[in-house]
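Please read the structure below before turning to the comments.
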Amino acid sequence: FVRHSLENETETKADWLRLANNLGCEEAWKEIHYIAEQVKTHGGKHSDQRVIDELLTGNVEQLKTFIADFLKENTSPCHLAYLLYALREKGKMDNCDYITFHRAIQHLSDKPIGGPDVPQRRYNELLACPKLLNEPADKWKRAKAIIDQLTEELEKMSENRKNDTKSSPN
């Protein structure tokens with residue numbers, strides 16, 4: 001039971017060790033400590049397994065269509081980093097790390113979207129230093145152009161949504 005709860009992250013090692021120390025039973029203490037030492041856990045880190053519907057804010061269906069269309073047209077791994085960056089800048093995406101986003105959008109693409117390493121690195125570079133988008137290097141000029149285009153399209157979507165709600169009767 002101890003091993004199972006640790007492997008499935010329903011309990012932590014700290015919880016079990018605390019229980020072992022409070023039991024007053026030496027055999028139970030030994031068994032729990034032995035198992036806790038043997039089981040590999042994630043160091044207290046839990047992976048974020050949210051689906052894209054839980055991450056997007058606003059008109060989720062429209063945003064999912066927007067993302068799916070973007071994925072069809074843009075096959076470069078770095079473009080995924082720019083997409084997440086633009087979505088976050090425009091407030092269309094909840095706070096999440098790149099890996100969570102990558103997992104969540106995989107089902108929106110007809111083709112495999114590749115591994116997360118390259119786009120994750122690029123996204124983290126942008127988060128750490130947004131001024132990179134003003135650098136003269138070609139890769140950052142391309143990145144800025146893509147992000148600016150995405151931002152403009154997301155703004156248009158927001159404006160259209162506002163206009164639709166103004167014109168519709170309550």
Side-chain angles (χ1 to χ4, degrees), residues 4-16 36 39-135 137-165:
H4 179 74
S5 70
L6 289 172
E7 288 172 348
N8 291 313
E9 299 178 13
T10 55
E11 300 292 335
T12 66
K13 284 184 179 181
D15 293 336
W16 280 110
V39 174
K40 301 280 188 234
T41 62
H42 303 286
K45 296 178 183 175
H46 296 282
S47 63
D48 191 347
Q49 298 287 333
R50 291 181 284 175
V51 295
I52 195 69
D53 295 42
E54 296 171 313
L55 294 172
L56 295 172
T57 59
N59 187 338
V60 173
E61 291 306 317
Q62 187 180 21
L63 287 168
K64 283 173 35 178
T65 301
F66 175 78
I67 293 169
D69 291 344
F70 181 84
L71 293 174
K72 285 177 190 167
E73 297 170 15
N74 299 280
T75 57
S76 170
C78 288
H79 288 182
L80 299 174
Y82 308 148
L83 174 62
L84 177 56
Y85 189 82
L87 287 166
R88 292 281 307 279
E89 287 294 305
K90 296 313 295 173
K92 302 294 183 186
M93 174 78 63
D94 279 349
N95 191 18
C96 70
D97 61 12
Y98 180 80
I99 297 294
T100 301
F101 171 73
H102 194 88
R103 275 191 216 111
I105 64 167
Q106 284 181 331
H107 76 280
L108 293 178
S109 178
D110 298 335
K111 304 172 277 189
I113 61 173
D117 294 345
V118 172
Q120 180 181 24
R121 187 171 35 254
R122 183 65 54 89
Y123 178 69
N124 289 336
E125 287 174 328
L126 286 171
L127 282 184
C129 187
K131 292 180 181 179
L132 287 171
L133 292 172
N134 298 323
E135 290 291 316
D138 284 344
K139 77 176 184 180
W140 295 117
K141 285 180 181 177
R142 284 191 304 272
K144 181 169 177 27
I146 294 166
I147 291 169
D148 288 348
Q149 179 186 355
L150 286 166
T151 301
E152 186 178 311
E153 291 176 27
L154 290 166
E155 284 174 0
K156 285 179 185 174
M157 284 174 53
S158 293
E159 288 173 14
N160 291 341
R161 181 88 173 142
K162 287 177 187 174
N163 292 336
D164 290 345
T165 55

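Values below: every heavy atom of this structure, side chains too, minus hydrogens, waters and symmetry copies. The shown structure was predicted, so the numbers you read here are calculated from the model rather than taken from an experiment.
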Using 0.5 Å steps for rounding, measure from the [atom1] atom of [X] to the [atom2] atom of [Y].
| X | Y | atom1 | atom2 | value |
| --- | --- | --- | --- | --- |
| Tyr123 | Leu80 | OH | CG | 12.5 Å |
| Leu84 | Gln120 | CG | CD | 10.5 Å |
| Thr57 | Leu87 | OG1 | CG | 8.5 Å |
| Glu89 | Leu154 | CD | CG | 11.0 Å |

Closest non-hydrogen atom pair, [X] against [Y]:
| X | Y | value |
| --- | --- | --- |
| Ala81 | Pro119 | CB-O, 3.3 Å |
| Ile99 | Pro116 | CD1-CB, 3.5 Å |
| Thr151 | Ala86 | OG1-CB, 4.1 Å |
| Pro130 | Tyr85 | CB-OH, 3.5 Å |

Inset, instruction - Apply side chain to side chain donor-acceptor pair (under 3.5 Å) to Asn124 and list each qualifying residue two or more places apart in sequence or on a separate chain. - result: none
Inset, instruction - State whether the side chain of His102 and the backbone N or O of Gly114 hold a donor-acceptor pair below 3.5 Å, judged by distance alone. - result: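 Such a contact is found between His102 side chain and Gly114 backbone.
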Legend entry - Pairwise salt bridge (Lys or Arg N to Asp or Glu O under 4.0 Å) hits with a residue in residues 142-153, at least two apart: Lys144-Asp148, Glu152-Lys156
Legend entry - Residue pairs passing the salt bridge (Lys or Arg N to Asp or Glu O under 4.0 Å) test where at least one lies in residues 125-134, sequence neighbours excluded: Arg122-Glu125
Inset, instruction - Please identify each residue that fulfils side-chain contact (heavy atoms from CB on, under 4.5 Å) with Arg50, with sequence neighbours left out. - result: Asp48, Glu54, Leu55, Asp94, Cys96
Inset, instruction - Just jot down the side-chain contact (heavy atoms from CB on, under 4.5 Å) partners of Ser109, sequence neighbours excluded, or say none. - result: Leu71, Lys111, Ile113
Legend entry - Beyond-backbone contact of Ile52 with Gln106, side-chain heavy atoms, under 4.5 angstrom: no
Legend entry - Check: Leu126 and Trp140 side chains under 4.5 Å, non-hydrogen atoms: yes
Inset, instruction - Kindly determine whether Arg88 and Asn95 satisfy side chain to side chain contact (heavy atoms under 4.5 Å, CB included), including the steps that lead there. - result: CA-CA 8 Å; Arg88 292 281 307 279; Asn95 191 18; 3.0 Å; yes
N/O donor to acceptor pairs below 3.5 angstrom from side-chain atoms of residues 63-70, sequence neighbours left out:
unit_1, atom_1, unit_2, atom_2, d
Lys64, NZ, Asp53, OD1, 3.2
Lys64, NZ, Asp53, OD2, 3.4
Thr65, OG1, Glu61, O, 3.0

